[in-house]
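Beneath this line is the structure, given in structure tokens, with notes to follow.
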Amino acid sequence: MTEAILRPTRKNEAWRYSDIDALEGTPPETFEAWEDVRVAEGETWSDLIVIDDADGLQMRRLRIVLEKNARAELAALVAGGQLGRLEVVVTLAEGAHFELGGITLGGGDTTREIVTRMAHEKPGATSNQTVRSVHWGKGTGNFLGRIDVVRDAQKTDAAQSFKGLLLEKGASVNSVPQLEIYADDVQCAHGATVGQLDESARFYMAARGLPPKTIRRLLVQAFIGDATRELADEATREALLEKALDKLEEREG
């Protein structure tokens with residue numbers, strides 16, 4: 001007898017802060033669908049993912065397997081859907097590296113989120129995740145990042161950095177780092193901060209004659225630009241930042 005596929009609930013840790021109501025009407029098999037990527041030994045793979053369609057659930061799910069000394073680089077913008085969601089599961093072999101530069105944007109009562117799992121299964125692999133969230137209205141931005149390091153994965157170096165920027169009082173962001181580490185010779189770090197636009201910087205710019213709209217745009221641009229800094233490909237960095245700024249311009253308009 002085939003086991004029924006159930007829709008996620010908030011009892012599932014990876015869906016704790018999601019808009020479960022936005023899943024209404026979504027076929028259950030949607031939650032079993034994945035895009036699989038395998039990067040061969042010593043090879044490099046990169047991609048830019050943009051989620052910006054307007055309605056309902058907008059979701060991408062990737063499973064990435066990195067063989068020995070392979071590198072993968074993912075740039076991502078989640079700025080669409082009542083619930084916009086990117087899920088990424090990465091399995092790293094010896095000496096592999098994974099880089100994520102991610103941005104979530106949204107207002108109204110939308111939820112935009114990035115959910116990741118780094119499975120460090122061999123020695124000497126590295127991963128770095130940099131996520132920046134900008135939200136307004138009653139918008140919510142989420143980053144749930146899990147790092148698993150097995151006992152034999154010595155010399156692992158894994159890092160997460162999350163920062164949230166709230167442009168209005170009703171907005172919120174959530175960051176949930178999870179680390180399961182069974183090796184003893186590793187470096188694993190995570191950091192998370194949430195705040196509003198820097199008032200001293202706004203005052204400094206205003207004193208030099210810049211209008212408020214320009215000041216806000218420059219400060220937000222600098223904030224989300226952090227998510228692109230570690231991406232190796234210049235064209236990808238520019239494309240991610242440009243698409244994010246375009247979505248913010250729609251808000252200003």
Side-chain angles (χ1 to χ4, degrees), residues 8 10 13-24 49-60 75-87 100-116 129-145 160-178 190-203 205-206 211-228 240-253:
R10 288 194 182 89
E13 180 65 27
W15 293 82
R16 185 199 299 185
Y17 298 105
S18 288
D19 181 358
I20 297 299
D21 292 340
L23 306 182
E24 187 67 30
I49 289 179
V50 177
I51 299 175
D52 62 355
D53 290 339
D55 299 326
L57 170 66
Q58 302 293 332
M59 181 170 67
R60 292 280 302 272
L77 171 65
V78 183
Q82 178 64 31
L83 170 59
R85 181 178 174 95
L86 172 65
E87 293 185 42
L100 170 67
I103 299 171
T104 71
L105 304 174
D109 60 353
T110 61
T111 300
R112 311 279 165 75
E113 56 196 12
I114 296 174
V115 181
T116 67
Q129 303 174 74
T130 307
V131 177
R132 298 292 180 261
S133 292
V134 181
H135 293 268
W136 56 92
K138 294 183 179 179
T140 299
N142 299 324
F143 174 55
L144 291 80
Q160 298 176 359
S161 170
F162 173 84
K163 292 183 181 180
L165 179 62
L166 307 180
L167 298 182
E168 295 174 2
K169 289 184 178 180
S172 62
V173 297
N174 301 289
S175 174
V176 184
Q178 294 178 288
H190 63 86
T193 61
V194 181
Q196 299 176 329
L197 289 174
D198 187 332
E199 288 300 325
S200 61
R202 292 175 75 162
F203 178 81
M205 291 180 175
K213 185 175 179 179
T214 301
I215 292 171
R216 184 167 56 249
R217 184 170 63 250
L218 290 173
L219 291 176
V220 172
Q221 178 175 340
F223 178 83
I224 62 175
D226 275 352
T228 72
L240 177 60
L241 186 57
E242 180 180 356
K243 290 179 182 297
L245 292 174
D246 286 346
K247 296 302 293 185
L248 288 166
E249 286 293 333
E250 290 178 14
R251 171 184 181 265
E252 295 290 346

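Asp19 and Leu83 make their closest contact through O-CD2, 3.8 Å (heavy atoms, listed as atom of the first residue, atom of the second, distance). Closest of all the heavy-atom pairs between Gln82 and Ala22 is CG-CB, 3.9 Å. Heavy atoms only, all atoms of each residue included: Val173 and Ser133 are closest at CG1-CB, 4.1 Å. Residues Trp15 and Arg10 share a closest heavy-atom pair of O-CG, 3.8 Å. Contact detail for Ala76 and Leu86: the closest heavy-atom pair is CB-CD2, 3.4 Å. A pairwise comparison of heavy atoms in Arg132 and Phe223 identifies CG-O, 3.7 Å as the closest pair.
A donor-acceptor pair under 3.5 Å is absent between the side-chain atoms of Glu113 and the main chain of Glu87, judged by distance alone. Within the 3.5 Å criterion, the main-chain N or O of Gly145 finds a donor-acceptor partner in the side chain of Gln160. The backbone N or O of Gly81 lies less than 3.5 Å from a partner atom in the side chain of Arg112, making a donor-acceptor pair. Judged by distance alone, with hydrogens and angles left aside, the side-chain atoms of Asn142 form a donor-acceptor pair with the main-chain N or O of Tyr17 at under 3.5 Å.
The CD atom of Glu242 lies 10.5 Å from the CG atom of Leu240; values are rounded to the nearest 0.5 Å. Atom CD1 of residue Ile224 and atom NZ of residue Lys247 lie 12.5 Å apart, to the nearest 0.5 angstrom.
Between the side chains of His135 and Thr140, not a single donor N or O lies within less than 3.5 Å of an accepting N or O.
More than 12 heavy atoms of other residues, nucleotides or ligands sit less than 6.0 Å from atom CD of Glu13.
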